[in-house]
Visitor: 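Below you will find the structure I want to go over with you.
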Amino acid sequence: MDTTPSVKPSRAYEGDIARDLARRAALVAPIVILAGGLIRGIDGAVSVTIGLALVALNFRVAAWLITWASRRSLAAVQAVVLGGYLVRLAALLGIVLLLQPLPFIDVPPLVITIAFAHLGLLIWESRHVGLSLAAPGLKPAKR
């Protein structure tokens with residue numbers, strides 16, 4: 001039996017960060033989709049669009065899972081972070097495999113978009129996250 005007291009945070013900062021990541025994905029989407037279209041045609045543009053949507057959805061699901069687990073216990077957070085990562089990675093692989101036979105899907109741009117969008121958005125977002133107890137979540141806006 002887990003005797004760890006659960007903490008009820010006043011605000012789900014991970015949700016704020018996931019929304020900010022999705023906003024940043026939307027900001028770069030026109031450029032990335034145009035590049036995919038110029039390099040690989042209309043199928044490349046469609047695949048890049050789907051890849052960006054999957055990345056944004058993946059971040060939102062991760063935030064939701066962490067918020068849900070944080071209301072249970074620290075052990076739940078640990079299990080959800082590790083297990084959720086593995087399950088979401090497998091889900092992305094499964095989605096790519098399901099989309100592969102479709103005639104309008106170009107797999108290389110889809111997979112490249114998923115990989116680089118995850119890394120690029122996380123690196124970009126790392127500059128905007130407050131890593132202190134005084135300002136958890138997104139850094140306060142400069143005035």
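The chain is numbered in sequence order, starting from 1.
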Visitor: Quick check: do Leu99 and Leu102 have side-chain heavy atoms less than 4.5 Å from each other?
Guide: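 Touching, per the 4.5 Å side-chain cut-off.
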Visitor: Provide the closest heavy-atom pair for Val80 versus Ile66 in the form atom of the first, atom of the second, distance.
Guide: CG1-N, 4.2 Å
Visitor: Would you compute the distance between atom OG1 of Thr113 and atom CG of Leu52 and round it to the nearest 0.5 angstrom?
Guide: 6.0 Å
Visitor: Roughly how far, to the nearest 0.5 Å, is OG1 of Thr49 from CD1 of Ile33?
Guide: 3.5 Å
Visitor: Taking Arg127 for the side chain and Ile123 for the main chain, is one N or O donor matched with an acceptor at less than 3.5 Å?
Guide: no
Visitor: Under 4.5 Å between side-chain heavy atoms, hopping through other hydrophobics if needed: is there a path connecting Val87 to Phe59?
Guide: no
Visitor: Measuring from atom CD1 of Ile17 to atom CG of Leu122, what distance do you get when rounded to the nearest 0.5 angstrom?
Guide: 10.5 Å
Visitor: Under 4.5 Å between side-chain heavy atoms, counting indirect links through other Ile/Leu/Val/Met/Phe/Trp/Tyr residues: same cluster for Leu54 and Leu65 or not?
Guide: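 In one cluster with Leu54: Leu65, no.
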Visitor: State plainly whether one hydrophobic cluster holds both Val81 and Trp68, where clusters connect Ile, Leu, Val, Met, Phe, Trp and Tyr through side-chain heavy atoms under 4.5 angstrom apart.
Guide: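 Val81 does not cluster with Trp68.
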Visitor: Assigning hydrophobic clusters by single linkage (Ile, Leu, Val, Met, Phe, Trp, Tyr; side-chain heavy-atom cutoff under 4.5 Å), is Trp124 placed with Leu57?
Guide: no
Visitor: CD1 of Ile95 to CD of Gln100: how many Å apart, nearest 0.5 Å?
Guide: 14.0 Å
Visitor: If the condition is side-chain contact (heavy atoms from CB on, under 4.5 Å), which residues does Trp64 pass it with, not counting sequence neighbours?
Guide: none
Visitor: Could you check whether any side-chain heavy atom of Ile50 comes within less than 4.5 Å of a side-chain heavy atom of Leu110, counting everything from C-beta outward?
Guide: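 Heavy-atom side-chain distance check passes, below 4.5 Å.
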Visitor: State the OG-CG distance between Ser47 and Asp43, to the nearest 0.5 angstrom.
Guide: 6.5 Å
Visitor: Determine whether Ile112 and Leu34 fall in the same hydrophobic cluster, where Ile, Leu, Val, Met, Phe, Trp and Tyr are linked whenever their side-chain heavy atoms lie under 4.5 Å apart.
Guide: no
Visitor: Can any side-chain N or O of Arg88 pair as donor or acceptor with the backbone N or O of Gly84 at less than 3.5 Å?
Guide: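 Pair found, side chain donor or acceptor close to backbone of Gly84.
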Visitor: Measure the spacing between CG of Leu82 and CG of Leu86 and express it to the nearest 0.5 Å.
Guide: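 That separation rounds to 5.0 Å.
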